[in-house]
Amino acid sequence: MSPAGDRFFARVYALVRQIPRGRVATYGQVAGMLGVPRGARAVGWALRALPAAQAARVPWHRVVGAGGRISPRGGPGPQIQSRRLRAEGVRFRGAVVDLARHGVLAGE
DNA sequence: GGGCTGACTGACG
DNA sequence: ACGTCAGCCAGCC
């Protein structure tokens with residue numbers, strides 16, 4: 001089946017929207033949950049196509065690169081993204097997010 | 001159907 | 001630790 005609502009980006013948004021506050025997931029992580037472990041790039045493409053209207057309800061800032069690195073082309077700006085994450089209480093290790101503590105698969 | 005692009009990732013030098 | 005190269009996936013021309 002392949003209705004309009006089953007598009008890849010729709011699944012990405014739905015999954016990202018379910019990321020709890022203070023929690024962070026990587027592009028590869030999201031891709032893996034969608035069943036495409038090597039589709040990290042596709043996930044980035046999907047978030048890049050994220051409409052501003054959807055951005056309000058989709059916590060795109062909770063999606064970072066492998067190792068917790070903030071993508072240089074993330075949304076309105078990498079600084080905004082990291083700032084938003086910090087506002088949620090996410091711990092940073094320099095310019096890198098502490099996935100061991102806030103990772104989706106990481107323990108509480 | 002072929003080729004290009006990109007909010008990625010891991011390997012190399 | 002840093003810059004570069006090649007591989008992968010989905011959408012658009």
Side-chain angles (χ1 to χ4, degrees):
Chain A
M1 63 186 229
S2 41
D6 268 23
R7 295 205 190 207
F8 186 77
F9 63 80
R11 282 187 268 172
V12 174
Y13 300 161
L15 184 58
V16 174
R17 200 177 358 173
Q18 288 167 56
I19 301 176
R21 181 179 171 285
R23 201 74 116 187
V24 179
T26 69
Y27 296 96
Q29 190 85 60
V30 175
M33 291 188 214
L34 290 177
V36 190
R38 270 130 181 139
R41 215 170 194 183
V43 173
W45 150 79
L47 287 179
R48 178 195 170 285
L50 177 68
Q54 298 268 351
R57 60 187 220 186
V58 178
W60 53 269
H61 59 281
R62 292 182 190 146
V63 184
V64 299
R69 289 165 10 224
I70 303 295
S71 296
R73 301 227 163 29
Q79 293 188 339
I80 303 300
Q81 182 172 7
S82 57
R83 183 170 164 284
R84 251 181 120 166
L85 289 173
R86 284 179 182 280
E88 294 186 354
V90 175
R91 261 194 185 185
F92 274 71
R93 213 185 225 210
V96 183
V97 177
D98 187 349
L99 290 180
R101 180 172 168 71
H102 301 285
V104 180
L105 300 184
E108 301 279 315

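Throughout, a chain's letter reflects where its sequence line sits, starting with A, and its residues are numbered from 1.
Contacts of residues 73-103 of chain A with DNA chain C (heavy atom under 4.0 Å): none. Of all the residues in residues 34-42 of chain A, Val36(A), Arg38(A), Gly39(A), Arg41(A), Ala42(A) reach under 4.0 Å from DNA chain C with at least one non-hydrogen atom. Within a heavy-atom distance below 4.0 Å of DNA chain B, the residues of residues 60-70 of chain A found are Trp60(A), Gly65(A), Ala66(A). Interface residues of residues 12-28 of chain A facing DNA chain B, ordered by number: Tyr27(A), Gly28(A); criterion, heavy-atom separation under 4.0 Å.
For the salt bridge (Lys or Arg N to Asp or Glu O under 4.0 Å) condition, the pairs that include at least one residue of residues 78-92 of chain A, sequence neighbours left out, are Arg62(A)-Glu88(A). Among residues at least two apart or in separate chains, there is no salt bridge (Lys or Arg N to Asp or Glu O under 4.0 Å) pair with a member in residues 92-102 of chain A.
Helical stems in DNA chain C, defined as runs of 3 or more consecutive Watson-Crick or G-U wobble pairs with donor-acceptor distances under 3.5 Å: B:2-6 with C:9-13, B:8-13 with C:2-7.
For the atom pair Met33(A) CE and Ile19(A) CD1, the distance stands at 7.0 Å (nearest 0.5 Å).
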Show me the protein contacts with nucleotides 3-5 of chain B, counting only N or O atoms at under 3.5 Å.
none

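When the P atom of dC8(B) is taken as reference, atom CG of Leu47(A) falls 10 Å away, rounded to whole Å.
Checked against side chain to side chain donor-acceptor pair (under 3.5 Å), Arg21(A) has no partners two or more places apart in sequence or in another chain.
Applying the 4.5 Å side-chain rule to ILVMFWY residues, one finds Val24(A), Val64(A), Ile70(A), Leu85(A), Val90(A), Phe92(A), Val97(A) in the same cluster as Leu99(A).
Annotation for Arg69(A) and Ala66(A): closest pair NH1-O, 3.4 Å, computed over non-hydrogen atoms. Nearest heavy-atom pair, Gly65(A) versus Ser71(A), reported as atom, atom and distance to 0.1 Å: N-OG, 4.4 Å. Scanning all heavy atoms of the two residues, the minimum distance from Val63(A) to Thr26(A) falls at CG1-C, 4.2 Å.
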Output side-chain donor-acceptor pairs under 3.5 Å for residues 36-55 of chain A, partner residues at least two apart or in another chain, one line each.
residue, atom, partner, partner atom, Å
Gln54(A), OE1, Arg57(A), NE, 3.2
Gln54(A), OE1, Arg57(A), NH2, 3.3

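A distance of about 22 Å separates the C1' atoms of dC13(C) and dA7(B), rounded to the whole Å.
For DNA chain C, the outermost nucleotides in 5' to 3' order that have an atom under 4.0 Å from a heavy atom of chain A are dG7(C) to dG11(C).
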Could you go step by step and tell me if Val58(A) and Val12(A) meet the side chain to side chain contact (heavy atoms under 4.5 Å, CB included) rule?
-> CA-CA 10 Å; Val58(A) 178; Val12(A) 174; over 6 Å; no
